[in-house]
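Everything below concerns the one structure shown next.
When reading the values below, keep in mind they use all heavy atoms of this one structure, side chains included, and skip hydrogens, waters and symmetry mates. Since the model is a prediction, treat every value here as computed from it, not as a measurement. Chain letters run A, B, ... following the sequence lines, proteins first and then strands; every chain starts at 1.
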There are 2 protein chains.
Amino acid sequence: MDDVDRALIAQLQRDATQAYAVLGKAVGLSAAAAHDRVRKLRERGVIRHTTVDVDPAALGRGVLAFVMVDSSAWMGEASASFAAIPEIQEAHVIAGAAAVLVKVRTATTEQLQDVLRRLYAIEGVSGTQATIVLDTFFERPVSTD
Amino acid sequence: MDDVDRALIAQLQRDATQAYAVLGKAVGLSAAAAHDRVRKLRERGVIRHTTVDVDPAALGRGVLAFVMVDSSAWMGEASASFAAIPEIQEAHVIAGAAAVLVKVRTATTEQLQDVLRRLYAIEGVSGTQATIVLDTFFERPVSTD
DNA sequence: GCTGAAAGACTTCAATC
DNA sequence: GATTGAAGTCTTTCAGC
């Protein structure tokens with residue numbers, strides 16, 4: 001994991017459709033060498049997978065909210081219960097109270113309310129505090145700096 | 001934007017390196033037809049770009065926190081100030097108080113403290129409340145369901 | 001809007017330094 | 001590890017339906 005690897009990752013985060021010849025030239029490597037480096041980064045799990053970034057609004061998910069989910073019990077094993085709600089994009093166990101922070105995307109605020117209802121149905125959930133996002137400044141890949 | 005488009009997007013979110021022949025077969029289309037559909041989804045901005053998903057820990061960003069940034073003034077134009085801090089992965093203007101919610105990834109909690117210091121240096125910022133993530137249940141693409 | 005085929009470009013591997 | 005060159009595969013385009 002040296003500076004060349006980091007430069008390759010930064011390039012791929014920007015555009016993973018680049019040909020290895022172009023990618024190599026950008027970091028000062030031949031196509032085959034760039035290919036070999038990227039292959040190893042994938043093998044080692046540094047690069048998990050290649051995906052597409054989709055406009056949430058185009059998929060009918062224009063409303064973004066963060067919801068703090070309070071619970072009366074340890075939620076460390078409740079991952080599947082949250083994953084079963086497709087509107088939930090992320091779920092994190094947080095420090096402090098026994099709580100989970102989730103990132104939710106819905107089409108409307110009515111649907112957000114419905115997600116809250118489904119959250120309450122999860123065993124142990126005792127409360128929710130939703131925070132609606134008015135504007136997203138940016139969402140970007142993990143920095144390689 | 002029909003069910004076939006949604007199926008194509010779901011496939012690409014899972015693995016954007018698939019050949020169009022494979023992609024087409026998965027949704028019941030020829031390679032050329034799948035290619036044409038995906039090209040149009042890109043043109044229309046539904047698919048914004050193709051990227052790689054990187055393990056944050058491998059990049060020395062193993063600590064995740066969400067920070068609520070309170071301010072004494074309207075923060076609607078402060079995007080660049082947040083973007084200048086590479087440890088900040090996301091920044092959202094939220095409803096309620098004049099506040100911004102940011103997602104931060106650092107190597108250590110000491111570095112998180114340093115990010116808080118840099119946040120305070122932004123014009124108008126009056127306070128921060130950091131919430132450290134103990135465990136991430138999941139982070140996934142926007143659902144096509 | 002889809003199919004099938006052809007041309008060109010890219011990935012991928014082996015040999016070599 | 002990196003490079004060069006060759007082989008195989010995939011992307012991309014276009015005429016036809």
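Using modelled atom types, one finds no donor on one side chain facing an acceptor on the other under 3.5 Å when comparing B/S143 with A/R105.
Taking the six-membered ring where the residue is Trp, the centroids of B/H92 and A/F66 are separated by under 6.0 Å.
What separates CG of B/L29 from P of D/dT11 is a distance of 14 Å, to the nearest Å. With rounding to whole Å, B/Y20 atom OH is found 15 Å from D/dT9 atom C1'. A/R39 places its CZ atom 13 Å from the C1' atom of D/dA2, with the value rounded to the nearest Å. Remark: P of C/dC10 and NZ of A/K25 are 12 Å apart, rounded to the nearest angstrom. Put simply, CG on B/L23 is 9 Å from P on D/dT11, counting in whole angstrom units. One interatomic measurement links the two molecules: CG of B/D36 to C1' of C/dT3, which rounds to 12 Å at whole-angstrom precision.
A donor-acceptor pair under 3.5 Å is formed between the side chain of A/Q18 and the backbone N or O of A/D15.
Looking at the side chain of B/A33, the nearest of the listed nucleotides D/dA2, C/dG1, C/dT3 is C/dT3. Checking D/dT12, D/dT3, C/dG1 against every side-chain atom of A/A32, the shortest atom distance belongs to D/dT3.
Each of A/V104, A/V102, A/V67 was evaluated against A/V115; a single residue qualifies, A/V104, per the side chain to side chain contact (heavy atoms under 4.5 Å, CB included) test.
For the contact set between residues 1-19 of chain B and DNA chain C, defined by any heavy atom under 4.0 Å, there are no members.
Put simply, B/H35 has a side-chain N or O that comes within less than 4.0 Å of OP1 or OP2 on D/dT12. For the pair A/R37 and D/dA2, the criterion of a side-chain N or O lying under 4.0 Å from OP1 or OP2 is met.
Tracing side-chain contacts under 4.5 Å through hydrophobic residues (I, L, V, M, F, W, Y), one reaches B/F137 starting from A/V69; they form part of the same cluster.
Here the straight-line distance linking atom CE of B/M1 with atom CD1 of B/I9 works out to 4.0 Å at 0.5 Å rounding.
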